[in-house]
Student: 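Okay, handing you the structure first.
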Protein chains: 2
Amino acid sequence: MPRKVTLADVAAAAGVSKMTASRAMRGAKDVSQKNLDKVRKAAQDIGYVGNHVAASLSNNRSDLIGVVVPSLSNIVFSEVMSGIERAIDGTGFQPVFGVTDYDTEKEYDIVRRMLSWRPAGLIVTGLDQSDATLRLLQEDSLPVVQIMDTDGTPVDVSVGFSQDNAAEEMAKALVASGRRRIGYVGCNLDQDTRAARRRIRFAQTLEELGHPLIGEEIADGMSSVAAGRWLTSALLERHPDLDCIYYSNDDMAAGGLFHCMGNNIKVPEKVVLAGFNGLDLLTSLPAPIATTRTPRDQIGRRAAEAILDRLNRTERDGPTVIELAPEIRLP
Amino acid sequence: MPRKVTLADVAAAAGVSKMTASRAMRGAKDVSQKNLDKVRKAAQDIGYVGNHVAASLSNNRSDLIGVVVPSLSNIVFSEVMSGIERAIDGTGFQPVFGVTDYDTEKEYDIVRRMLSWRPAGLIVTGLDQSDATLRLLQEDSLPVVQIMDTDGTPVDVSVGFSQDNAAEEMAKALVASGRRRIGYVGCNLDQDTRAARRRIRFAQTLEELGHPLIGEEIADGMSSVAAGRWLTSALLERHPDLDCIYYSNDDMAAGGLFHCMGNNIKVPEKVVLAGFNGLDLLTSLPAPIATTRTPRDQIGRRAAEAILDRLNRTERDGPTVIELAPEIRLP
DNA sequence: CCAGAAACTGGTATCGGTACCAGTTCTACG
DNA sequence: CGTAGAACTGGTACCGATACCAGTTTCTGG
């Protein structure tokens with residue numbers, strides 16, 4: 001293997017010192033136009049690609065921004081990641097993604113590993129990290145943004161919305177629209193703590209309004225359209241007189257819709273289905289589904305911006321919450 | 001900010017040299033059990049997290065594996081990424097994702113930047129990189145895997161399937177099942193070269209079979225369920241007598257189905273819809289849709305494995321193609 | 001035409017690890 | 001009990017960049 005081209009090679013080729021070459025390759029400050037051109041040309045000629053590892057070690061900080069999400073298969077996080085990507089794009093920073101699969105242990109390992117790359121900042125999902133993970137995040141004074149969830153106190157900054165409020169609002173809206181016999185369908189509540197939280201608050205609110213949940217179907221494993229379909233089937237078998245079902249998310253609700261369509265159950269006349277997230281998919285379905293439209297792209301964008309902001313200050317200035325209210329849509 | 005804990009601190013706390021501490025912290029070879037314990041304890045006590053940057057610089061190679069995909073919003077790539085993630089998990093390597101948005105320039109920048117992190121290997125999407133990008137990939141002798149596409153010669157290894165064959169097979173299968181008046185609906189063909197390739201081969205094959213395409217609707221912008229829905233509407237308006245539509249992918253086909261359901265067009269009796277990818281979503285839809293089930297998870301897994309394999313050899317041993325045949329499903 | 005400032009240049013130390021090699025301490029065996 | 005070899009330990013020289021500072025050149029105004 002032909003040894004990698006280094007800055008020293010570029011400097012030699014350009015007939016200048018390593019330092020001048022170094023300065024020329026990044027901001028062209030304090031370098032004469034003549035040398036700047038020579039160095040650029042030399043770099044081009046010999047195919048210099050640089051070495052971020054050395055650069056990062058040298059100034060004790062990389063231009064990486066770590067992003068930790070629980071899942072890739074959930075399109076919600078894809079959209080958040082896209083938002084982050086777009087906001088970072090062009091700033092010279094680079095996102096690095098890690099996936100926890102909703103596993104707290106794994107989250108700890110990932111955060112730890114990311115920290116060992118001395119990132120410029122970290123974006124993690126939720127406020128419910130393990131104590132060990134929180135300790136890691138706290139000890140360092142690097143910018144940390146916790147996204148999706150604002151029901152709690154962040155380590156540094158949180159960007160998202162209150163899952164509790166979102167569920168409460170939906171419960172109120174459904175009852176206000178005349179629904180009385182309401183059921184619940186969800187998946188993966190052991191791990192998806194946000195979904196679990198919504199379910200609890202939803203049920204509570206219904207209770208307070210005097211129309212408690214009639215029944216629910218909950219399954220383990222990842223949520224999916226398929227799971228939504230068969231859980232709905234099961235729920236409606238036990239409670240054929242439901243006039244509304246609240247789902248842990250849109251995919252599940254879509255599955256519910258497909259069940260209804262296959263069984264001649266009118267949606268939303270006979271039964272209103274309510275999902276969560278407001279995926280684009282919903283607007284194309286043959287029947288309208290209620291949902292809470294969450295600002296995913298914005299969460300990503302604001303989270304990235306918060307990191308970039310923080311990089312200008314030296315210290316954290318106390319927990320900051322950036323609330324991005326979701327919007328309810330009824331059929 | 002309290003200066004970061006370094007290996008020297010650990011060594012001091014444990015009362016050993018930096019070298020012994022270093023050895024203890026990774027494979028415990030050539031370190032006495034006594035010192036191993038001392039070092040581990042010291043590291044634990046003072047909260048040592050390590051510094052991959054320094055380690056990577058030292059041995060001139062990081063444990064990063066760069067993964068370049070065109071899009072995050074396409075679930076296909078999410079699944080490929082999941083496959084990669086799972087295969088890498090536990091090996092000590094770490095994936096770093098980059099998104100090109102189907103932009104060749106951006107792809108070049110991303111590959112370049114990734115190379116500057118001296119990754120252990122690189123996984124990129126497709127075989128159609130720009131010349132500049134290919135040069136980058138060629139010059140280095142690091143493991144490179146090009147995924148999704150095997151219609152061409154890879155730089156090093158390619159893992160995927162032939163888009164051409166896949167389209168041809170579907171055309172043959174649809175005609176064999178009795179379909180004669182066939183249309184096409186697609187999106188984003190300028191950028192998604194794989195989808196474009198399928199369209200061309202599909203049309204060619206139909207021609208050869210004596211039943212050429214009756215009509216097609218093509219739009220710019222990302223593919224989506226919504227786009228599928230309105231393009232189908234437009235196509236069927238112009239050609240109400242179609243008995244089959246081939247889509248650029250499953251999402252589009254799902255949109256087509258929703259249009260048909262909303263307009264009392266029987267699927268698949270009156271018109272067969274054929275997507276591409278075989279997303280799980282399809283199995284839950286109220287009507288069956290034909291598709292080509294692509295082995296996305298496997299592509300990810302095999303790609304990662306190929307990288308790990310390569311790391312054991314020193315040199316590349318000529319272009320290698322790993323073909324993972326997709327499977328056709330008719331309604 | 002010269003002093004002083006501004007613009008530019010390059011040497012050296014350093015970032016936090018690891019490879020390599022030269023000791024030093026054990027251990028086992030004749 | 002001596003010694004060869006294994007097991008272990010630590011010093012030193014990097015890896016490839018950048019910060020800092022000192023030195024040199026160029027420019028400016030009086």
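Here is the naming used below: chain letters follow the sequence lines, and residue numbers restart at 1 for every chain.
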Student: Residues in side-chain contact (heavy atoms from CB on, under 4.5 Å) with A/Arg302, at least two apart?
Tutor: A/Val159, A/Gln298, A/Glu305, A/Ile322, A/Leu324
Student: Specify the separation, in whole Å, of atom CZ of A/Arg26 and atom P of D/dG16.
Tutor: 17 Å
Student: Write down the distance between CG (B/Asp9) and P (C/dG17), rounded to a whole number of angstrom.
Tutor: 9 Å
Student: Applying side-chain contact (heavy atoms from CB on, under 4.5 Å), can you list everything that pairs with A/Glu323, at least two apart in sequence or on another chain?
Tutor: A/Thr150, A/Phe161, A/Ser162, A/Val321
Student: Please round to 10 degrees the angle between the axis of the first five pairs and the axis of the last five pairs in the helix from C/dC1-D/dG30 to C/dG30-D/dC1.
Tutor: 30°
Student: Return all side-chain donor-acceptor pairs below 3.5 angstrom for residues 54-62 of chain B, not counting sequence neighbours, or 'none' if the list is empty.
Tutor:
unit_1: B/Ser56; atom_1: OG; unit_2: B/His52; atom_2: O; d: 2.7
unit_1: B/Ser62; atom_1: OG; unit_2: B/Leu64; atom_2: N; d: 3.3
unit_1: B/Ser62; atom_1: OG; unit_2: B/Trp117; atom_2: O; d: 3.2
unit_1: B/Ser62; atom_1: OG; unit_2: B/Arg118; atom_2: O; d: 2.8

Student: Tell me every residue that passes salt bridge (charged side-chain N to carboxylate O under 4.0 Å, His left out) with A/Asp103, counting only those two or more places apart in sequence or in another chain.
Tutor: none
Student: Rounded to whole Å, how long is the line connecting atom CG of B/Leu115 with atom P of D/dG16?
Tutor: 15 Å
Student: Has B/Tyr48 got a side-chain N or O lying under 4.0 Å from the OP1 or OP2 atom of C/dG16?
Tutor: no
Student: Would you kindly say whether A/Arg197 and A/Thr193 are connected by a side-chain donor-acceptor distance under 3.5 Å?
Tutor: no
Student: Strictly below 4.0 Å: does A/Arg61 bring a side-chain N or O up to OP1 or OP2 of D/dA19?
Tutor: no
Student: For A/Ala8, what residues pass the side-chain contact (heavy atoms from CB on, under 4.5 Å) criterion, not counting sequence neighbours?
Tutor: A/Thr6, A/Lys18
Student: I'd like to check the side-chain contact (heavy atoms from CB on, under 4.5 Å) partners of A/Thr100; sequence neighbours left out, ordered by chain and number.
Tutor: A/Val68, A/Pro70, A/Glu107, A/Ile110
Student: Identify each atom pair where a protein N or O and an N or O of nucleotides 8-15 of chain D are less than 3.5 Å apart, giving names and distance.
Tutor:
unit_1: D/dT9; atom_1: OP1; unit_2: B/Ser32; atom_2: OG; d: 2.9
unit_1: D/dT9; atom_1: OP1; unit_2: B/Asn35; atom_2: ND2; d: 2.1
unit_1: D/dT9; atom_1: OP2; unit_2: B/Ser32; atom_2: N; d: 3.1
unit_1: D/dT9; atom_1: OP2; unit_2: B/Asn35; atom_2: ND2; d: 3.4
unit_1: D/dG10; atom_1: OP2; unit_2: B/Ser17; atom_2: N; d: 2.9
unit_1: D/dG10; atom_1: OP2; unit_2: B/Ser17; atom_2: OG; d: 3.2
unit_1: D/dG10; atom_1: OP2; unit_2: B/Thr20; atom_2: OG1; d: 2.9
unit_1: D/dG10; atom_1: N7; unit_2: B/Arg23; atom_2: NH2; d: 2.7
unit_1: D/dG10; atom_1: O6; unit_2: B/Arg23; atom_2: NH1; d: 3.3
unit_1: D/dG10; atom_1: O6; unit_2: B/Arg23; atom_2: NH2; d: 3.2
unit_1: D/dC15; atom_1: O3'; unit_2: B/Asn60; atom_2: OD1; d: 3.3
unit_1: D/dC15; atom_1: O3'; unit_2: B/Asn60; atom_2: ND2; d: 3.1
unit_1: D/dC15; atom_1: O2; unit_2: B/Ser58; atom_2: N; d: 3.3

Student: With sequence neighbours excluded, give me every ring pair (Phe, Tyr, Trp, His ring centres under 6.0 Å) pair touching residues 58-116 of chain A.
Tutor: none
